[in-house]
Amino acid sequence: MQQQKRQPELVEGNLPVFVFPTELIFYADDQSTHKQVLTLYNPYEFALKFKVLCTTPNKYAVVDAAGAVKPQCCVDIVIRHRDVRASHYGVIDKFRLQVSEQSQRKALGRKEIIATLLPSAKEQQQKEEEEKRIKEHLTESVFFEQTLCQPENRTASSGPSLLTVFLGIVCIAALMLPTLGEMESLVPLYLHLSVNQKLVAAYVLGLITMVILRT
């Protein structure tokens with residue numbers, strides 16, 4: 001019954017392979033890095049057998065290139081770089097880790113791990129720090145450019161428009177005109193405004209005042 005339950009997962013090439021790390025970096029000036037360890041995890045309820053392949057096997061020595069992993073266990077695979085030379089700096093090699101069920105030959109899953117030889121750990125660290133400084137400088141430059149552009153935008157959009165000022169003056173003038181029914185005014189009768197008209201002018205003036213304060 002257990003075989004039938006997990007059978008849909010055991011499709012060739014589809015079984016996830018859990019290995020750490022997924023990238024190996026060797027430094028020519030640091031012999032301690034010439035030996036790297038891959039850890040293969042088996043989270044499944046059945047045992048797995050594994051095999052390690054490499055695109056350039058003459059450059060590396062793999063200890064226990066084939067073996068088995070018990071259910072819910074892990075195994076360490078030691079990889080040594082045995083051909084450290086300047087001509088190999090920066091060359092990317094690939095390892096392929098294939099796993100299969102112990103009772104079968106077909107590969108149920110595979111994982112690729114890249115390996116690179118670099119000349120110096122210090123040079124690599126300096127390079128990364130330099131790239132970090134460049135990114136920080138670019139970020140600061142973008143920030144300052146945005147900061148400098150903001151005052152210009154504010155200056156361009158600051159202050160009320162001429163139309164707003166004109167409407168405000170018209171409303172003020174309308175409020176200063178006499179109201180209908182005032183007989184002692186020297187202003188011609190056709191310039192006398194009703195109470196409703198003055199209320200509208202006062203309302204519009206209030207809106208214009210809010211717009212001017214916001215700008």
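Numbering of residues begins at 1 and proceeds along the displayed sequence. No experiment lies behind these values; they were computed from the predicted model shown.
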Closer than 3.5 angstrom, by distance alone: can the side chain of [X] be matched with the main-chain N or O of [Y] as a donor-acceptor pair?
| X | Y | value |
| --- | --- | --- |
| His88 | Leu117 | no |
| Thr33 | Tyr27 | yes |
| Lys49 | Gln104 | yes |

- Task: Check step by step if side chain to side chain contact (heavy atoms under 4.5 Å, CB included) holds for Leu48 and Leu15.
- Result: CA-CA 11 Å; Leu48 292 175; Leu15 187 72; 4.1 Å; yes
Return the minimal non-hydrogen interatomic distance between [X] and [Y], and the atom names on each side.
| X | Y | result |
| --- | --- | --- |
| Gln72 | Pro43 | CG-O, 3.9 Å |
| Val19 | Lys111 | CG1-CG, 3.5 Å |
| Val204 | Cys171 | CG1-SG, 3.6 Å |
| Leu175 | Ala201 | CD2-CB, 4.2 Å |
| Gly109 | Val17 | C-CG2, 3.6 Å |
| Arg82 | Pro57 | NH2-O, 3.3 Å |

Are [X] and [Y] connected, step by step, through hydrophobic side chains (Ile, Leu, Val, Met, Phe, Trp, Tyr) whose heavy atoms are closer than 4.5 Å?
| X | Y | answer |
| --- | --- | --- |
| Leu162 | Ile169 | no |
| Val170 | Tyr203 | no |
| Val69 | Val99 | yes |
| Val52 | Leu40 | yes |

- Task: Please work out which of the three classes, parallel, tilted or perpendicular, describes the rings of Phe18 and Tyr44, given edges at 30° and 60°.
- Result: tilted
- Item | Parallel, tilted or perpendicular: rings of Tyr60 and Phe95 (30°, 60°) | perpendicular
Measuring from atom [atom1] of [X] to atom [atom2] of [Y], what distance do you get when rounded to the nearest 0.5 angstrom?
| X | Y | atom1 | atom2 | answer |
| --- | --- | --- | --- | --- |
| Asp30 | Leu118 | CG | CG | 11.5 Å |
| Glu101 | Phe46 | CD | CZ | 5.5 Å |
| Thr22 | Leu38 | OG1 | CG | 9.5 Å |
| His34 | Ile79 | NE2 | CD1 | 14.5 Å |
| Arg110 | Lys51 | CZ | NZ | 12.5 Å |
| Thr56 | His81 | OG1 | NE2 | 7.0 Å |

Measuring only between side-chain heavy atoms, which start at C-beta, is [X] closer than 4.5 Å to [Y]?
| X | Y | result |
| --- | --- | --- |
| Val200 | Asn196 | no |
| Asp64 | Val75 | no |
| Leu97 | Ile77 | yes |
| Lys70 | Asn42 | no |

- Query: If you draw a 6.0 Å radius around CD in Glu112, do more than 12 non-hydrogen atoms from other residues or ligands fall strictly inside?
  - Reply: yes
- Message: Heavy-atom count check: over 12 atoms from other residues, nucleotides or ligands less than 6.0 Å from Tyr89 OH?
- Response: yes
- Walk me through it: do Lys35 and Val78 pass the test side chain to side chain contact (heavy atoms under 4.5 Å, CB included)? CA-CA 7 Å; Lys35 182 179 73 173; Val78 179; 3.5 Å; yes
